[in-house]
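Within every chain, numbering begins at 1; the chains are lettered A, B, ... in the order of the sequence lines, protein sequences first and strands thereafter. No experiment lies behind these values; they were computed from the predicted model shown.
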4 protein chains.
Amino acid sequence: MAKKTERGAAPAYRRRKEHRPDEIIAAGLEEFYEHGFSGARLDRIAQSAGISRATLYLYFENKEALFAAVADHAIGTFIDSQAHELTSVEGSTRDLIERMVRTFYREIVSHKSSAILRILISEGERYPTLVERYHRIIMTRGRQTLRAILDRGIARGEIRPGPAAKFEEIIPAPAMFYLIVHMVFGAHQQIDADVFLEAHLDLLFNGLLTPEARDTT
Amino acid sequence: MAKKTERGAAPAYRRRKEHRPDEIIAAGLEEFYEHGFSGARLDRIAQSAGISRATLYLYFENKEALFAAVADHAIGTFIDSQAHELTSVEGSTRDLIERMVRTFYREIVSHKSSAILRILISEGERYPTLVERYHRIIMTRGRQTLRAILDRGIARGEIRPGPAAKFEEIIPAPAMFYLIVHMVFGAHQQIDADVFLEAHLDLLFNGLLTPEARDTT
Amino acid sequence: MAKKTERGAAPAYRRRKEHRPDEIIAAGLEEFYEHGFSGARLDRIAQSAGISRATLYLYFENKEALFAAVADHAIGTFIDSQAHELTSVEGSTRDLIERMVRTFYREIVSHKSSAILRILISEGERYPTLVERYHRIIMTRGRQTLRAILDRGIARGEIRPGPAAKFEEIIPAPAMFYLIVHMVFGAHQQIDADVFLEAHLDLLFNGLLTPEARDTT
Amino acid sequence: MAKKTERGAAPAYRRRKEHRPDEIIAAGLEEFYEHGFSGARLDRIAQSAGISRATLYLYFENKEALFAAVADHAIGTFIDSQAHELTSVEGSTRDLIERMVRTFYREIVSHKSSAILRILISEGERYPTLVERYHRIIMTRGRQTLRAILDRGIARGEIRPGPAAKFEEIIPAPAMFYLIVHMVFGAHQQIDADVFLEAHLDLLFNGLLTPEARDTT
DNA sequence: CATGAATGAGTCTTCATTCAT
DNA sequence: GATGAATGAAGACTCATTCAT
């Protein structure tokens with residue numbers, strides 16, 4: 001509740017056009033994340049950023065522009081963080097998948113991506129542009145890498161062709177559950193990230209059923 | 001002047017009075033779903049329900065009370081729809097799992113559960129009570145059934161013990177991906193529900209890797 | 001300064017959708033007249049009209065719409081007040097001119113037309129639509145009557161053809177001086193309306209009429 | 001720290017400093033003319049003058065002071081431009097009148113005097129001082145000259161005594177019509193200045209002068 | 001001298017909520 | 001019961017004005 005940055009007797013008159021936008025965006029992310037677009041108060045954002053309400057308007061044209069900047073920044077951060085993981089598709093398929101999934105969880109746990117997701121879920125309907133950009137950038141790019149891994153795995157005989165392998169998103173899919181539960185019920189139920197991750201990998205690698213049980217129709 | 005009620009005459013056309021709250025709640029669900037709490041306009045809800053704004057206050061104390069009623073109703077509906085699926089734990093484990101998962105998708109595709117989820121995600125932070133109730137009722141109950149199925153499967157030798165089987169939520173987890181993508185990117189990317197469901201089941205039943213590939217570390 | 005209508009312990013809750021708009025428009029005319037568009041405060045208008053600021057929005061979409069309504073009303077009033085003067089073009093030219101000019105002064109002295117004029121002068125540049133409507137309605141209509149009188153006068157030998165008679169607006173033109181001086185310097189220099197009117201008529205009679213027509217009372 | 005003034009060094013490129021106020025005033029006249037006092041933006045004025053908003057405050061204490069300066073300047077300019085026309089009252093009355101009226105139109109057409117007038121009309125109520133000064137300076141001075149011409153004309157038998165000759169302002173009065181119409185409806189109705197001027201003179205000559213005086217060119 | 005940066009004091013506008021009928 | 005009318009409270013946004021450099 002008292003999240004106001006509290007810089008402790010701030011030196012009244014700071015001038016630093018350089019860092020302001022970042023500070024505002026950080027404060028904005030927090031606020032939009034917690035209250036959604038309509039619920040967000042420029043008042044609080046300004047206060048968190050340690051500036052006056054009017055000063056916001058020196059950096060962003062209006063609430064919507066600020067929101068767009070926040071969303072952009074969050075997405076950008078996400079992309080950057082993923083970028084260097086996707087470089088080489090080498091080694092065993094098992095390793096590749098494991099590395100990707102682990103990266104995923106590392107990102108998910110970070111505040112940022114939950115924030116993006118929550119914002120997209122809450123305000124998406126109102127900001128088709130935002131949704132579209134996010135979709136184009138994230139979804140498409142991630143999928144291509146996954147597809148490549150799967151195809152290569154099938155070609156190398158490491159992956160069993162079948163319905164699952166047709167859907168590249170199936171690889172990260174279970175993680176979404178963790179993300180949502182963490183986001184919504186975080187206060188009530190702490191899912192152990194490591195345990196969940198192991199379960200996820202185990203599912204991916206081995207499947208659930210024993211060979212015998214599979215054929216028991 | 002104020003004799004409009006016509007209490008002595010023929011009441012004939014009075015018949016929807018008891019249904020009013022339902023209509024309001026339905027309209028409210030739609031509105032809260034689309035705009036979140038702060039973004040929702042009592043105006044629009046009233047209009048959708050075919051009544052005047054002031055009339056809302058005859059049924060609900062204020063916006064928050066209406067929201068609570070909407071959320072309650074949605075959760076209640078969800079619970080009811082699941083209740084009769086969980087009765088008997090009989091037959092092969094494979095069948096049990098398949099039935100549960102299919103039920104899940106059927107529910108997910110229905111508007112209602114997306115609505116709850118979106119509301120929980122958007123407004124959860126502000127309504128801990130809501131979150132807590134939902135968590136207690138849904139999560140807990142659902143998990144117990146899943147756990148039972150898994151334990152029974154392991155006992156019957158149909159399920160391979162391991163990290164995945166330790167986490168009962170792993171069963172429905174991938175569906176969350178579908179739900180979120182559908183909700184957020186529905187307009188931009190139509191995931192084929194059937195294909196995704198097959199992939200989900202395939203993953204659960206067989207796993208991704210071939211036996212040979214699994215051991216190739 | 002304390003022009004607030006002061007209705008003396010108003011009966012708090014009056015409901016009368018009928019008269020409200022008129023009261024608001026009256027208050028608006030006063031306010032826009034005195035302060036121009038940007039200078040006008042909805043606050044004051046509401047107070048003058050004896051309602052709350054929010055209530056304004058029940059009747060007018062926004063400040064601009066209110067302004068448009070005020071302007072429309074003022075113009076409408078002006079038109080109506082002139083309409084019944086222009087009916088018959090009969091009698092001696094001298095009489096016709098005298099009647100028109102006297103009507104003019106009567107109108108000019110009324111608050112309304114100064115108000116329109118001031119608003120047009122102050123805000124015209126910003127509201128081309130308003131200017132255009134006013135121009136089309138007022139200027140055009142008045143001119144036609146004047147032209148008719150002059151043409152008829154020339155045909156009847158009562159008006160000396162010449163540069164002056166070619167410009168119908170020359171008839172009311174001097175009155176504009178009175179209007180402006182009255183409006184701007186009213187507080188410092190009280191022009192005697194009657195004396196000015198006599199001078200105006202004297203100038204017109206001698207300047208326009210033929211010697212014979214002058215004495216035809 | 002505050003030694004920037006560099007009083008000893010080479011001032012070389014300092015040369016417009018004294019002109020700054022003039023540029024600001026010019027920009028201000030334009031802005032106040034177009035938008036009125038409340039509508040005027042210091043922002044735009046500064047930009048027009050090619051300086052920063054803060055710099056305005058080096059020359060003028062605040063918006064009102066700037067406005068006063070603008071008004072003063074405009075009035076001053078007007079006075080100067082008239083001054084040298086009023087020197088000698090010699091020649092035929094007809095000539096005198098014609099010269100005065102022509103001067104009037106020449107001034108009127110110039111942007112400046114419209115500007116003053118618009119400002120007086122729009123903001124006069126709020127700046128009684130301004131109005132008073134303008135009134136004292138302009139109205140009074142102009143009237144004296146006109147009075148002198150009329151009295152001399154009557155004495156010389158060139159002007160017909162009568163109601164019109166009692167009111168010296170009747171001479172320039174019609175021009176006010178032109179000015180206002182030009183200012184307000186300029187975009188919609190182009191009054192031909194020359195034609196209007198001829199009509200004005202024709203009316204004055206025939207309305208004021210005795211038959212004999214009329215033809216004395 | 002000049003100005004970029006910052007802000008307090010408004011101003012319009014919206015909206016949940018309350019009454020009188 | 002139902003509602004048209006009204007409004008207080010609050011929020012986004014603007015702008016004249018002030019500093020520190």
Side-chain angles (χ1 to χ4, degrees), chain A residues 11-17 20 38-46 50-64 66, chain B residues 1-7 11 14 17 20 38-46 50-64 66, chain C residues 11-17 20 38-46 50-64 66, chain D residues 1-7 11 13-14 16-17 20 38-46 50-64 66:
Chain A
Y13 227 79
R14 264 167 306 146
R15 178 126 39 112
R16 28 169 215 206
K17 188 152 191 172
R20 274 289 149 72
S38 344
R41 298 286 160 252
L42 292 185
D43 219 1
R44 280 191 294 247
I45 294 177
I51 58 176
S52 89
R53 215 174 333 156
T55 303
L56 283 181
Y57 289 86
L58 292 182
Y59 298 95
F60 302 96
E61 206 176 326
N62 53 29
K63 192 182 185 180
E64 195 154 335
L66 171 55
Chain B
M1 212 172 256
K3 68 174 64 165
K4 280 184 189 162
T5 326
E6 292 274 350
R7 209 167 295 206
R14 192 157 30 97
K17 217 175 308 179
R20 273 287 154 70
S38 336
R41 298 284 162 256
L42 292 185
D43 217 3
R44 282 192 292 247
I45 294 177
I51 57 175
S52 91
R53 217 177 335 162
T55 304
L56 284 180
Y57 288 83
L58 293 181
Y59 297 97
F60 303 97
E61 204 175 83
N62 53 28
K63 194 182 185 180
E64 194 152 338
L66 170 55
Chain C
Y13 228 79
R14 263 168 305 145
R15 178 125 40 111
R16 27 169 215 204
K17 188 153 192 173
R20 276 286 149 75
S38 345
R41 297 286 161 252
L42 292 185
D43 220 2
R44 280 191 293 246
I45 295 177
I51 57 177
S52 90
R53 215 176 333 155
T55 303
L56 284 180
Y57 289 84
L58 292 182
Y59 298 95
F60 302 97
E61 206 176 325
N62 52 31
K63 193 182 186 181
E64 193 153 337
L66 171 55
Chain D
M1 214 172 254
K3 67 175 63 166
K4 279 186 190 159
T5 325
E6 292 275 350
R7 211 166 292 209
Y13 49 81
R14 192 154 33 96
R16 310 178 31 235
K17 218 175 310 179
R20 272 288 153 70
S38 335
R41 299 284 163 256
L42 293 185
D43 217 3
R44 281 192 293 247
I45 294 176
I51 58 175
S52 89
R53 218 176 335 161
T55 304
L56 284 180
Y57 288 83
L58 293 180
Y59 297 97
F60 303 96
E61 201 175 88
N62 53 28
K63 193 181 187 182
E64 193 151 339
L66 171 55

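For the pair B:Y57 and B:L42, the tightest heavy-atom approach, listed with the atom from each and the gap, is OH-CD1, 3.4 Å. Minimum heavy-atom separation, D:G39 to C:S38: CA-OG, 3.4 Å.
Of all nucleotides listed (E:dA6, E:dT3, E:dA16), E:dT3 comes nearest to the side chain of D:T55. Set against F:dA6, E:dT7, E:dG4, the side chain of B:R53 has F:dA6 as its closest nucleotide. Picking from F:dT14, F:dT17, E:dG4 the nucleotide with the shortest atom distance to the side chain of D:A54 gives E:dG4. When distances are taken from the side chain of D:L58 to each of E:dT7, E:dC1, F:dA2, the shortest belongs to E:dC1. Between E:dC12, F:dG4, F:dC13, one nucleotide has an atom nearer to the side chain of A:K63 than all others, and that is F:dC13.
The shortest distance between the side-chain N/O atoms of A:R41 and the OP1/OP2 oxygens of F:dA12 is below 4.0 Å.
One can place CG of D:D43 at 13 Å from P of E:dT3, the figure rounded to the nearest angstrom. Rounding to whole angstrom units, OH of residue B:Y59 and C1' of E:dT17 are separated by 18 Å. Rounding to whole angstrom units, CD1 of residue B:I45 and P of E:dC15 are separated by 13 Å. Here the C1' atom of nucleotide F:dT18 and the CZ atom of D:F60 are 18 Å apart, to the nearest Å. Between the CG atom of A:L66 and the C1' atom of F:dA12 there is a distance of 12 Å, given to the nearest Å. One can place CD1 of A:I51 at 7 Å from P of E:dT7, the figure rounded to the nearest angstrom. If you measure from atom CZ of A:R44 to atom P of F:dA12, you get 9 Å, rounded to the nearest angstrom. Atoms OH (C:Y57) and C1' (E:dC12) sit 5 Å apart, rounded to a whole Å.
Nucleotides of DNA chain E nearest to C:N62 and A:S52 differ in position, and the one nearer the 5' end is that of A:S52. Judged by closest nucleotide on DNA chain F, B:L56 is the one of B:L56 and A:A40 placed further toward the 5' end.
Of the possible polar contacts, one joining the A:K63 side chain to the A:A40 backbone as a donor-acceptor pair under 3.5 Å is found.
For E:dT13, the paired nucleotide is F:dA10, the pair qualifying as Watson-Crick or G-U wobble because both relevant distances are below 3.5 Å. Nucleotide F:dA20 has E:dT3 as its partner under the Watson-Crick or G-U criteria, with both atom distances under 3.5 Å. Of all nucleotides present, only F:dC15 satisfies the Watson-Crick or G-U wobble test against E:dG8, with each distance under 3.5 Å.
Going from atom CG of C:L66 over to atom CG of C:L56 covers 6.5 Å, rounded to the nearest 0.5 Å. Here the straight-line distance linking atom CD1 of B:I45 with atom CZ of B:F60 works out to 9.5 Å at 0.5 Å rounding.
Within 4.0 Å of C:L42, counting heavy atoms only, lie sugar-phosphate atoms of the nucleic acid but no base atom.
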